[in-house]
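Below is one structure, written out as structure tokens; the observations come after it.
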Amino acid sequence: MKKTIDSEKKELEVTYVNNISVEDYNALRKSVNWINVTEKRASIALKNSFYICVAVCDDKPVGMARIVSDGGYTYFITDVIVNPEFQGNHIGVELIRRVLDYIKKDVMDGETVMVSLMAAYERESFYEKFGFHTRPFGNHGPGMSMWVSRDITGNVITL
């Protein structure tokens with residue numbers, strides 16, 4: 001995927017891979033002012049991820065999203081991060097599209113699964129574009145969920 005950055009008028013080439021180092025993971029977290037996760041916990045979290053999608057530009061991870069799942073019917077999208085220097089280039093949209101496509105391919109005929117996430121505060125509208133529904137809670141960004149089904153004819157349905 002190539003995209004022009006308006007402020008610099010240069011071509012931005014982004015590729016997508018399915019792994020990230022603990023160091024790069026925490027660097028992305030730091031870029032959006034999220035807490036540092038210990039090397040041990042980050043390593044366990046990344047290893048136990050159901051799916052990881054990482055946006056890479058110039059050999060550097062600039063965004064990511066991952067799925068945690070029970071392997072049954074529950075999928076949780078977490079760690080949706082785009083380095084602020086690369087925001088506005090639709091990297092977040094592509095990350096969510098890719099993780100949702102992965103889930104939809106995992107759903108078999110006649111099955112229904114639940115896809116959940118916790119939106120950052122006031123970022124709900126980003127996820128609503130993909131079909132997620134808000135569930136407000138106090139002053140925190142709401143939890144959001146979406147049901148993904150595949151009917152007996154093989155059609156994917158999102159509710």
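Quick note: residue numbers are just sequence positions, from 1.
- Counting heavy atoms from C-beta on, the side chains of Phe126 and Val93 come closer than 4.5 Å.
- Side chain of Asp58 to backbone of Lys60: no donor-acceptor contact under 3.5 angstrom is found.
- Considering CD of Glu124 and CE of Met118, their distance stands at 9.5 Å, rounded to 0.5 Å.
- Membership of the apolar cluster around Trp34 extends to Val17, Ile20, Val22, Tyr25, Leu28, Val32, Val37, Leu46, Ile52, Val54, Val56, Met64, Ile81, as traced through chained side-chain contacts below 4.5 Å between ILVMFWY residues.
- The OG atom of Ser49 lies 11.0 Å from the CG atom of Asn19; values are rounded to the nearest 0.5 Å.
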Please list, one pair per line, the donor and acceptor atoms closer than 3.5 Å that link side chains of residues 149-159 to other protein atoms, with sequence neighbours excluded.
{"from": "Ser149", "atom 1": "OG", "to": "Thr112", "atom 2": "OG1", "distance (Å)": "2.9"}
{"from": "Arg150", "atom 1": "NE", "to": "Val107", "atom 2": "O", "distance (Å)": "2.7"}
{"from": "Arg150", "atom 1": "NH1", "to": "Gly154", "atom 2": "O", "distance (Å)": "2.8"}
{"from": "Arg150", "atom 1": "NH2", "to": "Lys104", "atom 2": "O", "distance (Å)": "2.8"}
{"from": "Asp151", "atom 1": "OD1", "to": "Thr153", "atom 2": "N", "distance (Å)": "2.9"}
{"from": "Asp151", "atom 1": "OD1", "to": "Thr153", "atom 2": "OG1", "distance (Å)": "2.6"}
{"from": "Asp151", "atom 1": "OD1", "to": "Gly154", "atom 2": "N", "distance (Å)": "3.0"}
{"from": "Asp151", "atom 1": "OD1", "to": "Asn155", "atom 2": "N", "distance (Å)": "2.9"}
{"from": "Asp151", "atom 1": "OD2", "to": "Thr153", "atom 2": "OG1", "distance (Å)": "3.3"}
{"from": "Thr153", "atom 1": "OG1", "to": "Asn155", "atom 2": "ND2", "distance (Å)": "3.0"}

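- Take Asn36 and apply the side-chain hydrogen bond (donor to acceptor under 3.5 Å, both in side chains) test, not counting sequence neighbours, and it matches Asn26.
- Residues Val113 and Tyr75 form a side-chain contact, since some pair of their non-hydrogen atoms from C-beta on lies under 4.5 Å apart.
- Atom CD1 of Ile44 is separated from atom CD of Glu39 by 11.0 Å, given to the nearest 0.5 angstrom.
- Taking OG of Ser145 as the reference point, atom CD1 of Ile77 lies at 11.0 Å (rounded to 0.5 Å).
- Sorted by first then second residue, the salt bridge (charged side-chain N to carboxylate O under 4.0 Å, His left out) pairs that include residues 67-84, not counting sequence neighbours, are Arg29-Asp79, Arg66-Asp79.
- When side chains are defined from C-beta on, Val115 counts as touching Leu100, because their heavy atoms get closer than 4.5 Å.
- Partners of Arg97 under the side-chain hydrogen bond (donor to acceptor under 3.5 Å, both in side chains) rule, at least two apart in sequence or in another chain, are Glu94, Asp101.
- Other residues, nucleotides and ligands place more than 12 heavy atoms under 6.0 Å from the CD atom of Gln87.
- A heavy-atom distance below 4.5 Å is not found between the side chains of Val14 and Phe86.
- Between Tyr16 and Ile91, some side-chain heavy-atom pair lies under the 4.5 Å cut-off.
- A pairwise comparison of heavy atoms in Ala55 and Leu95 identifies N-CD2, 4.1 Å as the closest pair.
- Ring geometry, Phe50 versus Tyr102: the interplanar angle exceeds 60°, so the pair is classed perpendicular (tilted spans 30 to 60°).
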CA sep, side-chain torsions, deciding dist, call: Thr134, Glu128, side chain to side chain contact (heavy atoms under 4.5 Å, CB included): CA-CA 8 Å; Thr134 61; Glu128 288 170 345; 3.0 Å; yes
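- Between Ser69 atom OG and Asp106 atom CG the span is 7.0 Å, to the nearest 0.5 Å.
- Distance alone, capped at 3.5 Å, places no donor-acceptor pair between the Asp24 side chain and the Ser21 backbone.
- For the side-chain hydrogen bond (donor to acceptor under 3.5 Å, both in side chains) test, residues two or more places apart in sequence or in another chain that qualify with Tyr51 are Asn18.
- Nearest heavy atom pair, residue Leu117 against residue Phe76, reads CA-CE1, 3.6 Å.
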